Trainee: 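Please read through the structure below; I'll follow up with questions.
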Amino acid sequence: MPKTVSIAIDGPAGAGKSTIARRLAKELGYVYVDTGAIYRTVAYFFDTWGISPKDIDGITRYIDELNIDIWYDEDGLQHMYMNNIDVTDDIRTPEISQKASLISAHAIVRDMLLDMQREVAEQFNVVMDGRDIGTVVLPNATVKIFLTASAEVRARRRTNELLAKGKKVSYEQVLKDIQQRDYQDTHREVAPLKMCRDSVKLDTSDMDIEQVLQEMKNIIARKVTP
Ligand code: DC
């Protein structure tokens, strides 16, 4: 039996996983692990080297040059370091989203990140979000939740988020990106996004953040005794 508690949250892009997971972690006093940010850091690294996320030879040749560190600030915000450079903000672009989705299909990339993710969960109580947390990374997670919403709702939320950050985006383009990522993330051979039998599905299409948070807390309370 693992000594730590782990809440695994999986689901497609834009389902609100990171916002919810961060809030949950804060309330529970757990560490929040955003695994998408780790894949984004890998994508950003190869992007700066001019290597395509589909170029498996280039990735295999240079992957050992990449050193990833994770650091949490006092607000529980996860900072990503690529070879000692803070890339936390740089990895949040639509281009890196797409490249992260493509690069995460390679077994060599996933294998490299597996231990890193498991080690955090062995040391701390975690809320970890991603695509394969319940299925591959933490198959014995204490609670598994599959968070989803229609592609249209996710695209609308993501568009508003990006516009609020001052980024110029259109709803149509964001929806196209999300649909493409959904396809890639669910159709890859290694650790595709899928719901596992022991996870609880939560469709947030008609819920606001507070409702989702409350529902997640109810699900967790049934499995975790304080
Ligand atoms: O959660 P996100 O949108 O930041 O993730 C970016 C990409 O990384 C996503 O499209 C697929 C990949 N990813 C993955 O393959 N496995 C994870 N556990 C997390 C993310």
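Bear in mind that the values here come from a model prediction, so they are computed numbers and not experimental data. Numbering of residues begins at 1 and proceeds along the displayed sequence. Both ligands and their constituent atoms are indexed starting at 1 by order of listing.
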Trainee: Regarding ligand 1, does Q117 bring an N or O atom to under 3.5 Å of one of the ligand's N or O atoms?
Mentor: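 In this structure, Q117 places no N or O atom under 3.5 Å from an N or O of ligand 1.
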Trainee: Do me a favour and list the nearest non-hydrogen protein atom to atom 16 (N) of ligand 1 with residue, atom name and distance?
Mentor: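 Sorting protein heavy atoms by distance from atom 16 (N) of ligand 1 puts R110 NH2, 3.0 Å first.
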Trainee: Any salt bridge linking R40 with D90? Criterion: basic side-chain nitrogen under 4.0 Å from a carboxylate oxygen.
Mentor: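 So R40 does not pair with D90 through a salt bridge.
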Trainee: Looking only at protein heavy atoms, identify the closest one to atom 8 (O) of ligand 1 and say how far it is in Å.
Mentor: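 Heavy-atom neighbour on the protein nearest atom 8 (O) of ligand 1: Y39 CB, 3.6 Å.
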Trainee: Which bit of R181 gets closer than 4.0 Å to ligand 1, counting heavy atoms only: side chain, backbone, both or neither?
Mentor: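 Under 4.0 Å from ligand 1, R181 contributes side-chain atoms alone.
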Trainee: Starting from atom 19 (C) of ligand 1, what is the nearest protein heavy atom, named by residue and atom, and what distance separates them?
Mentor: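 Scanning the protein heavy atoms, the shortest distance from atom 19 (C) of ligand 1 goes to T35 OG1, 3.4 Å.
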Trainee: Just by distance, with hydrogens left out, do N125 and T4 show a side-chain donor and acceptor under 3.5 Å apart?
Mentor: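 Judged by distance alone, the side chains do not pair up.
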Trainee: Which of these, D132, D177, T135, L193, has its nearest heavy atom closest to atom 18 (N) of ligand 1?
Mentor: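 Among D132, D177, T135, L193, the closest heavy atom to atom 18 (N) of ligand 1 comes from D132.
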Trainee: Nearest heavy atom to atom 14 (C) of ligand 1: which of K99, Q98, R131, K17 does it belong to?
Mentor: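 Nearest heavy atom to atom 14 (C) of ligand 1 lies in R131.
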Trainee: Considering the heavy atoms of D185, write down every atom of ligand 1 situated less than 4.0 Å from one of them.
Mentor: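 Atoms satisfying the 4.0 Å criterion: 9 (C), 10 (O), 11 (C).
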Trainee: Does this structure show an ion pair linking D185 with R131, if we count only N-O contacts that are shorter than 4.0 Å?
Mentor: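 Salt bridge between D185 and R131, a charged N being under 4.0 Å from a carboxylate O: yes.
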Trainee: Side chains of Y39 and R110: do they bring a donor and an acceptor to under 3.5 Å?
Mentor: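 On atom types as modelled, these side chains qualify, holding a pair under 3.5 Å.
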Trainee: Counting only heavy atoms from other residues, nucleotides and ligands, does the tally under 6.0 Å from CG of D206 exceed 12?
Mentor: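 No - once you tally the heavy atoms of other residues, nucleotides and ligands closer than 6.0 Å, there are 12 at most.
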Trainee: Is the shortest heavy-atom distance from the side chain of I220 to the side chain of L24 under 4.5 Å?
Mentor: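 Contact flag for I220/L24 side chains = yes.
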Trainee: Taking only heavy atoms of G36, which atoms of ligand 1 are found under 4.0 Å from at least one of them?
Mentor: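 It comes down to these atoms of ligand 1: 1 (O), 2 (P), 4 (O), 5 (O), 19 (C), 20 (C).
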Trainee: Please list all pairs meeting side chain to side chain donor-acceptor pair (under 3.5 Å) that have one or both residues in residues 146-155, counting only residues at least two apart or in different chains.
Mentor: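 Qualifying pairs, neighbours excluded: R154-D182.
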Trainee: Specify the protein heavy atom at minimum distance from atom 12 (C) of ligand 1: its residue, its atom name, and the distance to 0.1 Å.
Mentor: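 For atom 12 (C) of ligand 1, the nearest protein heavy atom comes out as S104 OG, 3.5 Å.
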Trainee: Is it the case that the side chains of Y81 and N67 hold a donor-acceptor pair, with the cut-off being a distance below 3.5 Å and no angle test?
Mentor: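 N67 vs Y81: no donor-acceptor pair found between side chains.
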Trainee: With only distance considered, is S97 within less than 3.5 Å of ligand 1 through an N or O on each side?
Mentor: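 Such a contact does not occur with ligand 1.
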Trainee: Does a side-chain N-to-carboxylate-O contact under 4.0 Å join K3 and E122?
Mentor: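 No, this pair does not count.
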Trainee: Find all atoms of ligand 1 within a distance of less than 4.0 Å from any non-hydrogen atom belonging to G130, and give their numbers and elements.
Mentor: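 Every atom of ligand 1 under 4.0 Å from some heavy atom of G130: 17 (C), 18 (N), 19 (C).
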Trainee: Taking a hydrophobic cluster as the set of Ile, Leu, Val, Met, Phe, Trp and Tyr residues connected by side-chain heavy atoms closer than 4.5 Å, whether directly or through intermediates, do L147 and Y30 fall within one such cluster?
Mentor: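 Same cluster.
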Trainee: Just to be sure I read this right, does ligand 1 sit under 4.0 Å from the backbone of Q184, its side chain, both, or neither, counting only heavy atoms?
Mentor: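 The answer is neither.
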Trainee: Regarding ligand 1, does R188 bring an N or O atom to under 3.5 Å of one of the ligand's N or O atoms?
Mentor: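 Yes: some nitrogen or oxygen of R188 is under 3.5 Å from one in ligand 1.
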Trainee: Are any of the N or O atoms of R40 closer than 3.5 Å to those of ligand 1?
Mentor: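 R40 vs ligand 1: N/O contact under 3.5 Å present.
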